[in-house]
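What follows is one structure encoded as structure tokens, with my remarks underneath.
Nothing here was measured: the structure is a model prediction, and the numbers come from that model.
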Amino acid sequence: MVGERKGSIKRMKIIDKPSPNYNDRGDVKPSILLMHYTGMKTAQEALDRLTDEASEVSAHYTVDVDGTIYKHVDEDKRAWHAGAGAWRNLTNINSHSIGIEIVNKGHEFGYEAFPDVQIKAIKGLALEIMERHDILPENVLAHSDVAPDRKEDPGELFPWKELATHGIGVWPEVSVEDTVKATGIDVFQALKDFGYHADDQQKALFAFQRHFEPEVFVGGHAGEVTSRTKSRLYTLLARYS
């Protein structure tokens, strides 16, 4: 029977809903916090899939739209959420990460903004995970960051800039000097240098923009290299390469 779990995360409702889909990390210490969206029509469908042995997928946590947090896999275990992902010099992302699934229908079934109560729960959960494992803000990533050829989540509506103000992830604060220096940047080489692995470099650009330049999706310029693309990428590369 699923019951409320008493844990160290205060003032948050955490429910144990174990998944059989995990294995040992070995000697690897998690250094990445990876954000996903569930991309399914309902939360129940997502929870059922994440806890079904036949699916062979899982995450450490799922955060519902009302802020309820479901725990599936202990943080010291290797959940199966990243697939064939890579970031910088890491290729076994599942071993190096803790995964949070965020209930949202996603681009296929009706992508929508993430409710404030859901984001509040994510903030509390993420900060505690980061503190427990000494995860750096620059290592809080999107699923699309580590798998740009095949993933879009959690997408351009996820409030990365807001989370960064709380130390969850980073955001490029661009100076005038950065803007000038970024003019001649080779964007696709810079994306590789920053950490993106992609067979299709255009998809790496999309992934970068979903995370760091969501304005282009509102303005209809997604996939175009803008001066803002260059300056934000240059700033991030200079500070966090």
Side-chain angles (χ1 to χ4, degrees), residues 32-39 82-91 93 100 102 104-115 119 122 136-166 168-241:
I32 291 173
L33 178 57
L34 199 63
M35 302 290 188
H36 307 253
Y37 64 38
T38 53
W87 182 254
R88 296 186 176 168
N89 64 334
L90 300 179
T91 55
I93 299 299
I100 298 177
I102 302 160
N104 190 294
K105 294 177 182 178
H107 292 84
E108 185 176 356
F109 298 114
Y111 189 45
E112 54 194 0
F114 298 84
I119 296 301
I122 292 166
L136 299 173
E138 56 264 37
N139 287 340
V140 181
L141 302 172
H143 195 190
S144 56
D145 290 327
V146 303
D149 283 316
R150 60 189 179 85
K151 294 297 181 179
E152 300 175 308
D153 58 311
E156 62 276 7
L157 296 180
F158 193 66
W160 286 109
K161 184 176 181 179
E162 176 190 345
L163 290 174
T165 65
H166 296 273
I168 305 164
V170 295
W171 190 259
E173 298 297 338
V174 179
S175 68
V176 174
E177 183 181 3
D178 289 339
T179 301
V180 173
K181 289 182 177 179
T183 303
I185 192 175
D186 180 336
V187 167
F188 294 107
Q189 183 59 52
L191 288 168
K192 292 180 183 179
D193 293 343
F194 185 51
Y196 288 93
H197 293 248
D199 293 330
D200 182 342
Q201 285 302 301
Q202 189 66 30
K203 290 186 177 179
L205 175 60
F206 270 110
F208 176 83
Q209 290 179 326
R210 288 188 194 283
H211 191 150
F212 296 109
E213 195 188 4
E215 302 96 322
V216 294
F217 291 87
V218 177
H221 298 288
E224 297 179 16
V225 174
T226 69
S227 59
R228 188 171 51 212
T229 307
K230 291 182 176 182
S231 61
R232 290 186 183 177
L233 179 53
Y234 175 87
T235 299
L236 289 165
L237 191 58
R239 286 160 175 69
Y240 303 109
S241 63

By the salt bridge (charged side-chain N to carboxylate O under 4.0 Å, His left out) test, which pairs, at least two apart or in different chains, include something from [range]?
range: residues 192-206; result: none
range: residues 137-153; result: Glu152-Arg210
range: residues 171-180; result: Glu177-Lys181, Asp178-Arg239

- Item | Cation-aromatic face contact Arg88/Phe194, 6.0 Å, 45 degrees | yes

ring-ring contact (aromatic ring centres under 6.0 Å, His included) with [X]: which residues, sequence neighbours excluded?
X: Tyr37; value: His107, Tyr111
X: Phe114; value: Phe158
X: His197; value: none

- Mind jotting down which residue pairs meet the side chain to side chain donor-acceptor pair (under 3.5 Å) criterion with at least one end in residues 217-227? Sequence neighbours excluded, please. Glu213-Thr226, His221-Glu224, Thr226-Thr229

Are [X] and [Y] close enough that some pair of their side-chain heavy atoms sits under 4.5 Å apart?
X: Val216; Y: Arg228; answer: yes
X: Leu236; Y: Phe208; answer: yes
X: Leu163; Y: Ile119; answer: yes

Could you give the distance from [atom1] ([X]) to [atom2] ([Y]), rounded to the nearest 0.5 Å?
X: Leu90; Y: Ile32; atom1: CG; atom2: CD1; result: 5.0 Å
X: Leu237; Y: Ile185; atom1: CG; atom2: CD1; result: 6.0 Å
X: Asn104; Y: Thr38; atom1: CG; atom2: OG1; result: 6.5 Å
X: Leu233; Y: Leu191; atom1: CG; atom2: CG; result: 5.0 Å

- Short side-chain to backbone donor-acceptor contact, Glu156 and Gln209, under 3.5 Å: no

- Message: For Tyr196 and Phe188: C-alpha separation, side-chain torsions, deciding distance, then whether side-chain contact (heavy atoms from CB on, under 4.5 Å) applies.
- Response: CA-CA 9 Å; Tyr196 288 93; Phe188 294 107; over 6 Å; no

- Task: Let me see the working for Gln201 and Leu205 under side-chain contact (heavy atoms from CB on, under 4.5 Å), right down to the final yes or no.
- Result: CA-CA 6 Å; Gln201 285 302 301; Leu205 175 60; over 6 Å; no

Kindly write out the residues that satisfy side-chain contact (heavy atoms from CB on, under 4.5 Å) with [X], not counting sequence neighbours, or none if the list is empty.
X: Ala82; answer: Leu34, Ile93, Asn94
X: Asn89; answer: none
X: Lys161; answer: Trp171

Minimum-distance pair of heavy atoms, taken over all atoms of [X] and [Y]:
X: Trp160; Y: Ala142; value: CZ2-CB, 3.6 Å
X: Trp87; Y: Gly195; value: CE3-O, 3.3 Å
X: Ala207; Y: Pro148; value: CB-CB, 3.8 Å
X: Thr179; Y: Thr183; value: O-OG1, 3.4 Å

- Message: So, using side chain to side chain donor-acceptor pair (under 3.5 Å) as the criterion, who are the partners of Gln202 when residues are at least two apart?
- Response: none

- Message: Taking side chain to side chain donor-acceptor pair (under 3.5 Å) as the definition, give me every residue that meets it alongside Glu112, ordered by chain and number, with sequence neighbours left out.
- Response: none

